[in-house]
Structures are given as structure tokens and as C-alpha cells.
**Q** 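Okay, here's the structure, questions in a sec.
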2 protein chains.
Amino acid sequence: MTIGDAAKASGVNAKLIRYYESIGLIPEAGRTAAGYRVYSSSDVNVLRFVKRARTLGFSIERIQILVGLWQDRSRSSAEVKRVALDHVTELEAKIAELRAMSDTLKHLAHACHGDERPDCPILRDLEEGGGSCCHEPQP
Amino acid sequence: MTIGDAAKASGVNAKLIRYYESIGLIPEAGRTAAGYRVYSSSDVNVLRFVKRARTLGFSIERIQILVGLWQDRSRSSAEVKRVALDHVTELEAKIAELRAMSDTLKHLAHACHGDERPDCPILRDLEEGGGSCCHEPQP
DNA sequence: CTTGACCTTCCAGTCATTGGAAGCTTTATC
DNA sequence: GATAAAGCTTCCAATGACTGGAAGGTCAAG
């Protein structure tokens with residue numbers, strides 16, 4: 001299998017496969033006499049594993065660990081679970097951050113007439129640093 | 001005011017102020033005879049505006065537009081609202097994406113014993129590409 | 001023998017910063 | 001006035017995870 005075949009079979013594009021090899025996420029592929037990379041179906045399995053892990057938002061660094069655990073027959077499921085739950089913690093933190101941004105903006109946009117007049121609570125918030133809002137208690 | 005003073009007053013660090021200038025987000029600052037950048041309190045207001053907008057997750061590109069609208073007395077609030085709601089749309093899309101990842105992982109982690117044994121549904125999912133899950137209908 | 005579809009490497013760019021190095025200027029202290 | 005520390009300047013490089021392009025080698029079909 002050439003890199004193009006491996007790309008089709010795994011769903012990871014050829015450019016990305018080379019990149020993964022260059023950063024050491026996957027081992028160096030074998031080569032033909034002409035220097036073309038050669039892949040086996042087990043290499044494709046690794047690529048699929050990586051692809052699925054990326055789909056779930058794992059960083060390359062954590063995927064390195066997961067691939068290591070996957071290959072390690074004496075792993076404990078506790079180790080895998082810990083890596084997964086660390087990632088969940090980060091995802092939840094990011095979600096909370098984006099949620100707060102979105103809610104604030106939706107609130108401001110709701111208060112904005114959205115007509116031809118220049119007056120706008122969104123700009124007022126940005127100007128004032130968001131410190132004072134209609135719903136906050138006045139000290 | 002020097003760049004350090006402006007940094008303290010705006011909460012945007014000096015390095016970042018120079019970067020914002022270099023990409024044209026803020027106008028070029030005036031200079032002293034020795035070449036030091038000089039800032040006024042209105043420059044600081046712009047920096048504070050930018051900082052607040054970044055806190056709300058706006059891209060630099062959109063902040064350019066927002067600053068433009070802010071400075072434009074003949075703007076319509078509709079324009080501002082549209083920029084804000086476009087951003088909300090993107091935030092919600094990103095949240096949904098992360099939510100899906102997190103939920104999938106929580107589900108898999110829940111099904112994982114997390115003990116010393118190697119058997120692990122998380123690795124099984126990564127191996128199989130997440131296509132088959134206990135709760136999905138069997139064709 | 002040529003065309004076109006592959007493959008190779010290397011370099012550059014993305015986004016929004018952050019860090020460091022090397023070299024000025026200003027301010028404070030002695 | 002000398003000196004040291006703090007702050008300013010520019011430029012270059014790195015981050016994460018890709019993506020794109022240029023320049024050139026290789027392979028199978030017509």
C-alpha cells in the first residue's frame with residue numbers, strides 16, 4: 001500500500017500521515033526502492049485509531065499515550081480512563097467558557113434594537129468592559 | 001504614557017499592544033524623540049475595547065469591524081448586532097461539537113471499569129471508529 | 001515517448017499570542 | 001558623573017494541528 005492507498009483506507013489524508021510521522025506520532029513507514037512509503041493494514045488501523053481519537057478532540061500528546069496503552073497488553077483500563085476523563089475535564093472547561101461568552105452576547109444582542117439607529121448595548125458593553133449590566137446589583 | 005503605562009491602564013500587555021499595532025488592529029502609536037511609543041487615554045480606551053471583545057471570544061478580524069463601527073457615529077445597531085450574532089452562531093456550533101465529544105467520552109468512561117484489567121470500552125471505541133455502540137440499533 | 005497521476009522533500013502560512021536575544025534610553029542611586 | 005536597573009526598541013522563533021504550494025522524481029497507460 002502506498003500512502004495514497006493508506007489515506008483512502010484510513011480516512012487520514014496523505015499530507016497528514018506524513019505530518020504524523022514527522023512528529024513521531026506514528027512510526028516511520030517502510031520504503032520502496034524508489035523511496036515511496038509503504039503501509040500495511042495494521043498501519044492503517046493505527047491511522048484509524050488516531051483519526052477517531054482526533055474526532056473526539058484528544059490532543060496529539062494524549063493520542064500518543066492512548067496509542068501506547070492500546071499496544072500495551074498489560075495496560076490497566078484505569079490508565080485509559082484517567083486519560084479520557086482528563087480530556088473530559090478540559091472539554092467541559094472549554095464548553096463553560098464558550099457558554100458564558102455566548103450567553104453574554106445573546107443577552108446583549110437581545111437588548112439591541114438592531115435597527116438603523118446607532119445606539120447599541122453591545123458596543124456599550126465593549127466600551128465599558130462589561131462591568132455594569134442592567135441586571136447586576138448596584139453597590 | 002509609555003507602552004508599559006498603557007498596558008497597565010488597559011490590561012493588555014505591552015507585547016500584545018505592539019502585536020496589535022503590527023497587524024493593523026490599532027493605529028500606529030506616536031513616538032518620542034527616542035522612538036518610544038506614546039499613548040493617550042483614548043488609545044487606552046481602544047485597547048480596553050479590544051480586550052473586552054477578545055474576552056467575549058471575537059476574532060481579531062471581527063474586532064476590526066467592531067472597532068470601525070464603534071468609531072462610526074453613523075453606524076446602525078443592526079450592523080453591530082449582525083456581527084455579534086454571527087459570532088454567537090459560531091460559538092454555538094463549537095459548543096455543540098465539544099458537547100458531543102464530551103458526552104461520548106463520558107458515556108465510554110462510564111462503561112469502563114477503570115481497574116487493573118486491560119479490557120476497556122474506550123479503546124474499543126477508538127479501535128472500531130465509534131461506529132458500533134451498545135445503544136445503537138442493530139441492522 | 002509523453003501524459004498524467006502519483007510520490008518525494010522543503011518551506012510558508014494559518015490564529016493569537018508568548019518568549020527570548022541583542023541593543024537602546026531613561027531613571028534612580030551612589 | 002558613573003553605574004545599575006528598569007523599561008523601551010526590533011527581530012526571530014515557537015506554540016497546535018494542520019494545509020497549501022513549489023520543485024522534482026517515479027510509475028502505468030496509451
**Q** For R54(A), answer base if it contacts any base atom (sugar-phosphate contacts may also be present), sugar-phosphate if it contacts only those atoms, and nothing otherwise; contact means non-hydrogen atoms under 4.0 Å.
**A** sugar-phosphate
**Q** So, is R31(B) near the phosphate of dT10(D), with a side-chain N or O under 4.0 Å from OP1 or OP2?
**A**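 Checking R31(B) against dT10(D): at least one side-chain N or O falls below 4.0 Å of OP1 or OP2.
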**Q** Name the closest nucleotide to the R18(B) side chain, picking from dT9(C), dG21(D), dT10(D).
**A**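 Out of dT9(C), dG21(D), dT10(D), the nucleotide with an atom closest to R18(B)'s side chain is dT10(D).
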**Q** Just how far, in rounded Å, is P of dA16(C) from CG of L56(B)?
**A**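 These atoms are roughly 15 Å apart.
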**Q** Within the side chain of Q64(B), is there an N or O that forms a donor-acceptor pair under 3.5 Å with the backbone of E61(B)?
**A** no
**Q** Check every atom of dC7(C), dC18(D), dC24(C) against the side chain of Y36(A) and return the nucleotide holding the closest atom.
**A** dC7(C)
**Q** Remember a base hit wins even if backbone is also touched, and classify Y20(A) as base, sugar-phosphate or nothing at under 4.0 Å, heavy atoms.
**A** sugar-phosphate
**Q** Given that A34(A) and L16(A) both sit by DNA chain D, which one's nearest nucleotide is further toward the 5' end?
**A** L16(A)
**Q** May I have the distance from I17(A) (atom CD1) to dC6(C) (atom C1'), rounded to whole angstrom?
**A**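 Distance, rounded to whole Å: 14 Å.
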**Q** Under the 3.5 angstrom rule, does the side chain of S102(A) hit a backbone N or O of L98(A) as a donor-acceptor pair?
**A**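 Absent.
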**Q** If we ignore angles and hydrogens, is there a donor and acceptor under 3.5 Å between the side chains of S77(A) and D119(B)?
**A** no
**Q** Given atom CD1 of I60(A) and atom P of dG16(D), what is their separation to the nearest angstrom?
**A** 10 Å
**Q** What is the distance from CZ of R37(A) to C1' of dG25(D), rounded to the nearest Å?
**A**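 Roughly 14 Å, once rounded to whole Å.
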**Q** Hey, does the side-chain of Y19(A) have a donor or acceptor N/O within less than 3.5 Å of a partner on the base of dG16(D)?
**A**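 Not at all, since no donor on one side and acceptor on the other fall under 3.5 Å apart.
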**Q** Figure out the CG/P separation between D5(A) and dC27(D), and round it to whole Å.
**A**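 Answer to the nearest Å: 15 Å.
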**Q** Can you tell me if K51(B) uses its side chain to pair, donor with acceptor, with the backbone of V12(B) under 3.5 Å?
**A**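 Side chain of K51(B) to backbone of V12(B): no pair is present.
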**Q** Would you mind reading off the distance between Y39(A) atom OH and dT8(C) atom P, rounded to a whole angstrom?
**A** 7 Å
**Q** Measure from CG on N13(A) to P on dG20(D) and round the result to the nearest Å.
**A** 8 Å
**Q** Pick the nucleotide of DNA chain C nearest each of S59(B) and I3(A); which residue has the one closer to the 5' end?
**A** I3(A)
**Q** Round to the nearest Å and state the distance from E21(B) atom CD to dC8(D) atom P.
**A**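 Nearest whole value for this atom pair: 14 Å.
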**Q** Quick one: does any side-chain atom of R37(B) pair with a main-chain N or O of T2(B) as donor and acceptor, under 3.5 Å?
**A** no
**Q** Please determine whether a side-chain nitrogen or oxygen atom of T2(B) lies at a distance below 4.0 Å from atom OP1 or OP2 of dC8(D).
**A**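 Yes, T2(B) has a side-chain N/O under 4.0 Å of OP1/OP2 on dC8(D).
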